[in-house]
Amino acid sequence: MNDFKINLPMIAAFLTIVGYSLNDTIVVFDRIREVRGKNPALTTSMVNDSLNQTLSRTLLTSITTLIVVLILYAIGGEGIHGFAYCLVLGVIVGTYSSIFIASPVLIWLMNRPGSATARATEQSQKRASVSN
């Protein structure tokens, strides 16, 4: 078993992972912003709709990237194995965090008790329950 050492290609892989995950999260958050529009409230249904609209793009991008990196890991030489291994893990973790972690954290941050968004969300939910 070979020991992995942190070298320049590994640092490049870490930076690539951060950029990949950040880009994917920005795509999801931008869609949330579009769905939200001028509404001051942020509801879970808005975030759910946004995630459903971007899910196919996110998964297709992740799968195609993962295929290329797995091929790079399998066929690449000894010098590229650490880089490809970091990218395989990074694509999986980055996709997971964009879908399952970033959006719930956004809802939690925006709807903290006492925030303007939380008050607007409560008012919109009251209006929705009265109209039903």
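Owing to the predicted nature of the structure, the values given are computational and were not obtained by experimental measurement. Note that the numbering runs from 1 along the sequence shown for the chain.
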Hydrophobic cluster identity match, Phe100 and Trp108, side-chain contacts under 4.5 Å: yes
ILVMFWY network linking Tyr85 to Val68, side-chain heavy atoms under 4.5 angstrom: no
Residue pair Tyr20 / Ser62, side-chain donor-acceptor N/O under 3.5 Å: yes
Shared hydrophobic cluster, Ile71 / Val88 (ILVMFWY, side-chain heavy atoms < 4.5 Å): no
Audit row: Asp24, Arg57, side chain to side chain contact (heavy atoms under 4.5 Å, CB included) steps and yes/no: CA-CA 9 Å; Asp24 205 24; Arg57 178 212 181 269; 3.8 Å; yes
Residues that, via side-chain heavy atoms closer than 4.5 angstrom, fall in one hydrophobic cluster with Leu51: Val28, Phe29, Ile32, Val35, Leu42, Met46, Val47, Leu106, Ile107, Met110
His81 side chain reached by Tyr73 side chain, heavy atoms, under 4.5 Å: yes
Gap separating the CD1 atom of Ile17 from the CG atom of Leu89, nearest 0.5 angstrom: 7.5 Å
Results of side chain to side chain contact (heavy atoms under 4.5 Å, CB included) for Val105 - residues two or more places apart only: Ile101, Leu109
Nearest heavy atoms of Ala102 and Thr25, plus distance in Å: CB-CG2, 3.7 Å
CD1 on Ile75 to CD1 on Ile80, rounded to 0.5 Å: 12.5 Å
Heavy-atom closest contact (Cys86 atom, Phe14 atom, distance): SG-CE2, 3.7 Å
ILVMFWY network linking Leu70 to Ile92, side-chain heavy atoms under 4.5 angstrom: yes
Pairwise distance CD1(Ile99) to OG1(Thr54) - rounded to 0.5 angstrom: 7.5 Å
Ala41: side chain to side chain contact (heavy atoms under 4.5 Å, CB included) partners, not counting sequence neighbours: Asn39, Ala120, Thr121, Ser124
Ala13 to Phe83 - nearest heavy-atom pair and separation: CB-CD1, 3.5 Å
Spacing of Ile63 atom CD1 and Leu59 atom CG [to the nearest 0.5 Å]: 5.5 Å
Donor-acceptor pair, side chain of Ser97 and main chain of Gly94, under 3.5 angstrom: yes
Linked, directly or transitively: Leu8 and Leu72 (ILVMFWY side chains, under 4.5 Å): no
Point-to-point distance, once rounded to the nearest 0.5 Å, from CD1 of Ile11 to CG of Leu15: 7.5 Å
